[in-house]
Each structure stands twice: as C-alpha cells, then as structure tokens.
Amino acid sequence: YNIFRQVFEKNEKNLAFATGNYYIEYMKRYVAPVLSALAAGIIIAAFGVFYFVLFRKIPGASIIGLLFAALALIGLGVLAAVLIQRIREIKRGEDDDLGKY
C-alpha cells in the first residue's frame, strides 16, 4: 500500500509540474516582493522627476534639482539591491521575517 501511495504522490507532483500548477505555486512567492518594489520604485522615480522639474524652473536652483534626481537614482539602486537580496532569500527558502510575528 505504501509503495503505491508513494508512486501516486510522485506522479501527482510530476503532473502538477507538467500542467504548470507547481510553477504557479512557486512563482506566487515572488509576486508580493516584486509588486511592492515596483510600487516603491514608481514613487521614488516620481519624486525625483517632480523635484528635478520643479527646481529646473527656478533660476539658479537647478543644482538642487540635480541633487534630488541623484538622490532618487540612489534610492532606486538601493531598492533594486534589496529586491535582489529578497529574491535570493526566497530561492533559499527563507521565510519573511515579518511573517513570524
């Protein structure tokens, strides 16, 4: 009985993988980190563009606009690094720290 059950479970996993259900379940873990990083990236980019354009219109203050644009680019770089780190943690099977509380 156990042998048949093991064979059935193995075939069931292969079937789930073949039909894409396994892939969908695997990829669900990546949706929240990627979407939150995308939303934060849009906000940071909008911040940088807004202040860059705003300070470009003020005579003599364009250097401040460039400073804000540089800060936004640095923020996007940090965001990308954090997202890459989180994806690596997910691949290693580490749970989200906030999920423990």
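Keep in mind that the numbers below use all heavy atoms, side chains included, and drop hydrogens, waters and symmetry copies.
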Please report, to 0.1 Å, the donor-acceptor pairs under 3.5 Å made by any side chain of residues 72-80, with sequence neighbours excluded.
none

Exercise for the section: List in chain and number order the residues that pass salt bridge (charged side-chain N to carboxylate O under 4.0 Å, His left out) with R88, two or more places apart in sequence or in another chain; answer none if no residue qualifies. Expected result: none
Exercise for the section: Could you tell me whether the side chain of I90 reaches within less than 4.5 Å of the side chain of P33, counting heavy atoms only? Expected result: yes
Enumerate, atom names and distances included, each donor-acceptor pair closer than 3.5 Å involving a side-chain atom of residues 37-57, sequence neighbours excluded.
none

Exercise for the section: Considering only Ile, Leu, Val, Met, Phe, Trp and Tyr, and joining two whenever side-chain heavy atoms are under 4.5 Å apart, list the other residues clustered with I84. Expected result: none
Side-chain donor/acceptor pairs under 3.5 Å, residues 63-71, sequence neighbours excluded:
none

Practice task
Check which hydrophobic residues are tied to L35 through side-chain heavy-atom contacts below 4.5 Å, counting indirect links as well, and list them.
Solution key: V31
